Protein chains: 2
Amino acid sequence: MTTLLDVAKKANVSKMTVSRVINHPDKVTDELKQLVYEAMRELDYHPNVIAKALANNSTRIIKLCILEDIDTTEPYYMNLMIGIAKTLDLHQYSLQLVTRRNFDIGNCDGYIITGMRISDVDWIKDLKKPVVLFGENRYGFDFIDTNNKAGTYLLSQLALKKGYEKLIYVGIDSKESFEYSREAGYLQQVQEKRMVPELHRFGNHSHLSEDFIRQNWDKIPKNTAFICASDRLALGVERAIVRCGGKVPDDFGVTGFDGVFLNQVASPKITTIKQSIIQMGSACGETLLDKIQSGESQGSLVFEPKLSLGGTLRD
Amino acid sequence: MTTLLDVAKKANVSKMTVSRVINHPDKVTDELKQLVYEAMRELDYHPNVIAKALANNSTRIIKLCILEDIDTTEPYYMNLMIGIAKTLDLHQYSLQLVTRRNFDIGNCDGYIITGMRISDVDWIKDLKKPVVLFGENRYGFDFIDTNNKAGTYLLSQLALKKGYEKLIYVGIDSKESFEYSREAGYLQQVQEKRMVPELHRFGNHSHLSEDFIRQNWDKIPKNTAFICASDRLALGVERAIVRCGGKVPDDFGVTGFDGVFLNQVASPKITTIKQSIIQMGSACGETLLDKIQSGESQGSLVFEPKLSLGGTLRD
DNA sequence: TTGTTTGATGTTATCGGTAACAGTTTAATC
DNA sequence: GATTAAACTGTTACCGATAACATCAAACAA
């Protein structure tokens with residue numbers, strides 16, 4: 001393995017100059033830079049990350065903290081981890097999965113946190129290392145997420161274009177930011193069209209939305225579309241409609257959000273918003289590493305939602 | 001972060017003694033060891049892996065080299081990587097995915113190689129760092145794999161128990177070790193029952209086995225079971241039987257091997273061998289790290305196959 | 001008793017980088 | 001032309017560990 005010193009000798013400069021060429025090229029004259037670059041090329045020099053890490057007092061470890069319970073049947077978090085790990089590996093960082101309990105064990109260079117609740121804001125604010133959240137928030141933390149508002153806005157728009165005359169929002173009974181955003185997308189579309197909004201909220205389980213629809217079936221007019229905050233809720237709604245003798249998508253429309261695993265097995269498939277969790281995971285990694293390197297906040301990254309057309313809206 | 005020096009001071013010994021307590025405890029008196037252990041506990045000392053790596057001239061990088069073309073629709077290699085990465089992360093090693101082309105770029109501490117062919121034996125033998133293969137081989141390399149022979153043996157046995165009177169083996173046209181082992185499992189079962197073996201080999205594509213069955217349909221007696229070397233081949237066989245008017249599983253049985261993704265979509269599901277690729281990936285990682293640490297060969301690890309009962313053998 | 005061996009512990013140099021500071025050259029100012 | 005600031009480049013110490021060597025005391029042999 002060729003080292004800094006080898007390059008330095010070959011280029012007739014000091015180690016420090018070589019180091020500077022790599023890390024602060026603006027502080028070296030072009031002349032020397034050329035010499036150094038050439039020496040590096042000739043010797044096929046690759047910096048030793050380990051030595052660099054030691055000198056910089058860094059660990060090359062990123063902690064991923066998942067604050068929700070993990071539903072292992074959903075590949076959701078698996079994909080997230082794959083995305084993060086892929087990026088981190090690329091930069092020779094390693095990923096450490098931690099929970100709230102063992103959060104403080106061992107050092108690290110930064111955190112990726114997902115599933116944050118309001119009650120978590122305080123301790124996250126106190127962290128001394130860079131943080132990136134997966135999932136939107138309104139507390140000033142950098143985050144990566146889908147544009148939730150745009151998602152429901154698009155789905156609502158599509159439903160109206162397909163001729164449904166009433167839009168009912170079926171949301172998640174939660175005070176989290178993403179839910180507010182999804183509601184906001186629906187509301188905006190409905191208000192633009194001067195329609196009367198109707199919102200309901202449940203825990204995120206298909207049987208809850210299903211029960212609700214069945215109990216209120218007589219009050220629901222034909223030609224209604226349900227804009228649901230998750231695929232799970234959508235699945236429940238669709239099931240209820242079918243059981244009550246309604247026709248999807250002819251008389252009733254249903255849309256979901258998330259489209260991870262359910263979309264694979266449902267029939268007809270839910271018209272929903274597709275998110276590439278892997279891609280967003282990568283973005284989490286990239287953003288955090290940038291933040292670590294620059295020491296500055298990197299802002300947030302919002303992925304534009306993509307419609308995934310299933311069979312629960314008219315064609 | 002507490003360092004070796006902090007511990008040394010607290011215990012009134014030199015850094016070196018602390019280091020020895022960790023790495024060569026037999027070379028330190030029990031008395032001092034106790035002092036050091038106590039100091040470590042009190043200060044909650046965790047060794048700095050980075051510094052250790054630098055001193056030991058190690059990289060904490062493991063290269064994973066996949067020598068086959070990757071079928072991205074199959075989560076096979078994804079799962080393998082997840083399994084490996086999980087283990088490596090646990091030990092703060094990072095995984096680098098390489099191909100034959102960029103294999104030599106950058107240093108590492110060891111290799112995990114999968115998809116090895118006979119032509120690869122030479123260069124793999126020349127590697128200077130520890131290697132673990134994923135997939136059995138007969139060249140003395142340590143490996144992790146399913147017990148291929150036991151798999152087809154079990155499936156053949158099951159088919160006979162279900163009353164099929166003839167067993168035809170549909171194998172992969174390849175000189176690789178796993179294929180020989182799968183054939184051997186079939187042969188052993190057939191010979192134990194004093195039956196006449198019948199083997200055919202094709203490339204691993206469903207249409208190849210399908211074509212073969214259709215072309216030879218008139219020569220195949222009822223009550224035959226096909227022991228296939230892969231789920232793909234099994235799928236082709238089943239399709240052919242159905243198209244030719246045969247009944248699965250009543251008149252014909254079919255078994256596969258691997259059961260990764262196809263098993264999810266096929267109907268009826270193939271009776272096959274299930275392998276936990278993630279688990280085997282973890283084992284690859286563990287074995288390689290042990291090998292790196294001990295400097296000695298760790299032998300091979302063979303996972304016992306598990307039957308996955310589908311609907312292609314009689315109940 | 002004295003030299004030698006053995007085992008336990010401490011000292012020093014090193015792994016391959018980087019920051020902080022020191023030294024040198026060049027350009028700008030009066 | 002002398003003074004001073006600015007821009008480069010080199011020196012030194014250090015990050016936190018480990019191996020190799022040095023040291024020292026106790027145990028043993030002659």
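Throughout, a chain's letter reflects where its sequence line sits, starting with A, and its residues are numbered from 1. Predicted model only: the values in this text are computed from it and were never measured.
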J.: For B/Met16 and for B/Ala51, locate the closest nucleotide of DNA chain D by heavy-atom distance; then report the residue assigned to the nucleotide nearer the 5' terminus.
T.: B/Ala51
J.: Which is it for B/Tyr139 and B/Ile118 under the side chain to side chain contact (heavy atoms under 4.5 Å, CB included) test, yes or no, and what are the steps along the way?
T.: CA-CA 9 Å; B/Tyr139 300 94; B/Ile118 298 160; 3.4 Å; yes
J.: At 4.0 Å (heavy atoms only), tell me whether B/Leu5 reaches a base, stays on the sugar-phosphate, or touches nothing.
T.: nothing
J.: Is it the case that over 12 heavy atoms from other parts of the model lie below 6.0 angstrom from the CZ atom of A/Arg138?
T.: yes
J.: Considering non-hydrogen atoms only, spot the tightest contact between B/Leu67 and B/Arg100 and give its length.
T.: CD2-CD, 4.1 Å
J.: Look at the side chain of A/Asp89 and the backbone N and O of A/Lys86, then say whether any donor-acceptor pair between them is shorter than 3.5 Å.
T.: no
J.: Mind checking B/Thr29 for me? I need base, sugar-phosphate or nothing, with any heavy atom below 4.0 Å counting as a touch.
T.: sugar-phosphate
J.: Taking Watson-Crick (N1-N3 plus N6-O4 or O6-N4) and G-U wobble (N1-O2, O6-N3), each under 3.5 Å, can you produce the dot-bracket string of DNA chain D? Use [ ] for crossing pairs and | for inter-strand ones.
T.: ||||||||||||||||||||||||||||||
J.: Between A/Arg20 and A/Asp26, is there a side-chain N and carboxylate O pair less than 4.0 Å apart?
T.: no
J.: Using the heavy-atom set of chain B and a strict 4.0 Å cut-off, write down the first and last nucleotide of DNA chain C that makes it in, 5' to 3'.
T.: C/dA8 to C/dG16
J.: Is the count of non-hydrogen atoms from other residues, nucleotides or ligands lying under 6.0 Å from A/Glu42 atom CD greater than 12?
T.: yes
J.: Contact class for B/Ile50 (heavy atom, under 4.0 Å): base, sugar-phosphate, or nothing?
T.: nothing
J.: Surrounding NZ of B/Lys33 (heavy atoms of other residues, nucleotides or ligands, distance under 6.0 Å), is the total greater than 12?
T.: yes
J.: Starting at the 5' end of DNA chain D and moving along, which residue's nearest nucleotide shows up first, A/Lys15 or A/Lys27?
T.: A/Lys27
J.: In terms of the nearest nucleotide of DNA chain C, which residue is placed more toward the 5' end: A/Lys52 or B/Asn56?
T.: B/Asn56
J.: Starting from the C-alpha separation in whole Å, work towards a yes-or-no answer on side chain to side chain donor-acceptor pair (under 3.5 Å) for B/Ser282 and B/Glu286.
T.: CA-CA 6 Å; B/Ser282 284; B/Glu286 295 281 5; over 6 Å; no
J.: In terms of the nearest nucleotide of DNA chain C, which residue is placed more toward the 5' end: A/Arg20 or B/Val28?
T.: B/Val28
J.: For residues A/Met1 and B/Asn107, report the shortest heavy-atom separation together with the two atoms involved.
T.: CG-ND2, 3.1 Å
J.: Going 5' to 3' on DNA chain D, which nucleotide is the first and which the last to come under 4.0 Å of a heavy atom in chain B?
T.: D/dG16 to D/dA20
J.: Are B/Ser94 and A/Gln92 close enough that a side-chain donor and a side-chain acceptor fall under 3.5 Å?
T.: no
J.: Around atom NZ of B/Lys291, are there more than 12 heavy atoms of other residues, nucleotides or ligands at under 6.0 Å?
T.: yes
